[in-house]
Amino acid sequence: MCNNECDAENEDLAHPPELMFDFEGRNPTTFWQSSSWKKYPKALLVNITLSWSKTIELTDDIVVTFESGRPEQMVLEKSLDYGKTWQPYQFYATDCLDAFTMDAKTVQDLTQHTLLDIICTEEYSRGYVWKYDKTVRFEIKDRFALFAGPRLHNMASLYGQLDTTKNLRDFFTITDLRVRLLRPATGATMVDENNLSRYFYAISDIKVQGRCKCNLHANSCVFDKETLNCECEHNTTGPDCGRCKRNYQGRTWSAGSYLPIPKGTANTCIPNSIGPVNCSCNPYGSDSVRCNGTGFCKCKEGTTGAKCRDCLPGYLWDNGCKSQVCDNELLRCQNGGVCLNNLRCQCTAAFTGLLCEKPRCESELGGCGGPDSGQAALSSTPLSTLLLLLLGSTLLREASYRPTLL
């Protein structure tokens, strides 16, 4: 490490930020180094921000390599709006409860249902270990494995979830990344106030692997005027290939799809209608079988396309686009209900509701009475049966009072 006071104006004593991103494998190792903790006990706070001026989809673990011992407290943050707002990705501490009032967890504690949870881990915060355990990770692949299996052998399952679940796609998407260093490595002992120059942060490498977000409408991303841009295909345009080109709006723009494996679906933008307007809207997806003067049909909720023949994300075709209310992984039917074709939950006799979340007696009869209130038998009787019984009782009473005609 640096034996003298670091000095940015002296080439031999400078440790500028660019040394975190230079060629790996140099000997001796080059690294960025912060100032020392001279103002202890005031916190030594450092922010490292990475900006791409482009939406990026992460494809592998984020790895930060420390040459100072891993910090005792740090936060990894992400932005989806070019640094305007920030959200935590993960907290790191030697004591999560003390540092962030959070229970310590690891990525192995996550499930498909809790994958989007923000956790605090103690796995990467063991003070001074110079030769080994230099890295701090944000585990992308382990999260992928929750859907694709331990060896990522079932990518179709992962791609299916990314196709249909916006929150999941957004979780792995960033425009900016920020590392907030809150407390340097101090070792197992108390801070030596007579030797504060030994406490600082030093990073030799930050590795972020990903690809430009192009909505699956481009195979490459290039620098143009120091800005990353998608080389859009499929008649699309825009920074992320997020809209159809002019005169190619014959149906509503849609992102490409990962499925079916391995080639996916391009969802190419098609030319605008030419010639006479066609009176052929899909009768299930549109309000009318006739198009308007522009050649487009007025689509029902969840339906899209010039002729209302396609479904928006989150909807499935079943004689029209029906809302996808459940699945077998992220949004499960409750209380023993079974998800049928992602369209509805088939509930057991005792429950009802969109996800079978309501006791049937509570929703249909205004509440369940106890066994002493005379309602126990009614709670298990369908409403339609009760109505028939009441109607029959009324007819019998009327018949008993009806005068005899002579």
Side-chain angles (χ1 to χ4, degrees), residues 17 20-25 29 31-32 47-52 54-80 86-94 96 102 104-112 114-126 129 131-155 157-159 161-162 165 167-181 185 201-213 221 228 258:
M20 290 185 281
F21 303 99
D22 60 357
F23 179 71
E24 292 186 66
T29 300
F31 53 87
W32 161 84
N47 286 352
I48 300 171
T49 304
L50 290 77
S51 299
W52 290 272
K54 177 77 182 74
T55 309
I56 303 294
E57 296 175 320
L58 299 173
T59 58
D60 208 334
D61 294 358
I62 297 171
V63 184
V64 184
T65 304
F66 285 87
E67 299 295 334
S68 58
R70 299 182 292 191
E72 293 183 1
Q73 294 177 17
M74 67 170 273
V75 184
L76 185 67
E77 296 179 323
K78 63 172 286 188
S79 176
L80 266 172
W86 295 89
Q87 303 86 40
Y89 239 164
Q90 192 150 290
F91 294 87
Y92 302 81
T94 52
C96 286
M102 299 173 68
K105 293 185 179 181
T106 68
V107 70
Q108 284 72 34
D109 296 319
L110 297 175
T111 66
Q112 291 180 354
T114 61
L115 185 150
L116 305 183
D117 288 357
I118 309 302
I119 66 171
C120 178
T121 180
E122 298 175 356
E123 192 171 1
Y124 301 103
S125 303
R126 299 184 211 83
V129 185
K131 196 170 184 180
Y132 308 104
D133 296 336
K134 291 183 175 183
T135 60
V136 172
R137 289 180 174 267
F138 181 67
E139 307 92 339
I140 295 293
K141 281 194 170 179
D142 285 339
R143 287 169 167 83
F144 285 165
L146 291 173
F147 293 104
R151 297 183 181 179
L152 304 182
H153 62 279
N154 187 9
M155 293 302 289
S157 175
L158 173 63
Y159 289 150
Q161 292 297 330
L162 292 173
T165 312
N167 287 346
L168 191 65
R169 291 197 306 272
D170 287 348
F171 185 82
F172 298 110
T173 303
I174 61 175
T175 59
D176 305 79
L177 195 68
R178 183 163 70 185
V179 182
R180 293 179 55 212
L181 304 173
Y201 309 107
I203 296 177
S204 60
D205 188 53
I206 298 181
K207 185 177 294 183
V208 181
Q209 298 188 55
R211 59 171 173 251
C212 290
K213 180 178 180 180
C221 202
L228 280 169
Y258 291 103

Item to complete: Check whether any side-chain heavy atom of Tyr92 lies under 4.5 Å from a side-chain heavy atom of Val64, and answer yes or no.
Response: no
Worksheet item: Shortest non-hydrogen contact from Met155 to Ala148?
Response: SD-CB, 3.9 Å
Practice prompt. Considering non-hydrogen atoms only, spot the tightest contact between Thr121 and Gln90 and give its length.
Written response: CG2-NE2, 3.6 Å
Fill in: Those residues that, when tested against Asn167, pass side-chain contact (heavy atoms from CB on, under 4.5 Å) (two or more places apart)
Leu116
Worksheet item: Partners of Val179 by side-chain contact (heavy atoms from CB on, under 4.5 Å), sequence neighbours excluded?
Response: Ile48, Met74, Leu76, Leu181
Practice prompt. Please identify each residue that fulfils ring-ring contact (aromatic ring centres under 6.0 Å, His included) with Tyr201, with sequence neighbours left out.
Written response: none
Item to complete: Check ring-ring contact (aromatic ring centres under 6.0 Å, His included) between Tyr89 and all other residues, then give those that pass, not counting sequence neighbours.
Response: Phe138, Phe171
Can you list everything that forms a side-chain hydrogen bond (donor to acceptor under 3.5 Å, both in side chains) with [X]? Sequence neighbours excluded, please.
X	result
Asn154	none
Tyr124	Glu139
Lys54	Asp240
Gln73	none

Residues forming a salt bridge (charged side-chain N to carboxylate O under 4.0 Å, His left out) with [X], sequence neighbours excluded:
X	value
Asp142	none
Arg169	none
Glu122	none
Lys105	none

Worksheet entry | Lys213 with Glu57: basic N within carboxylate O range, under 4.0 Å | no
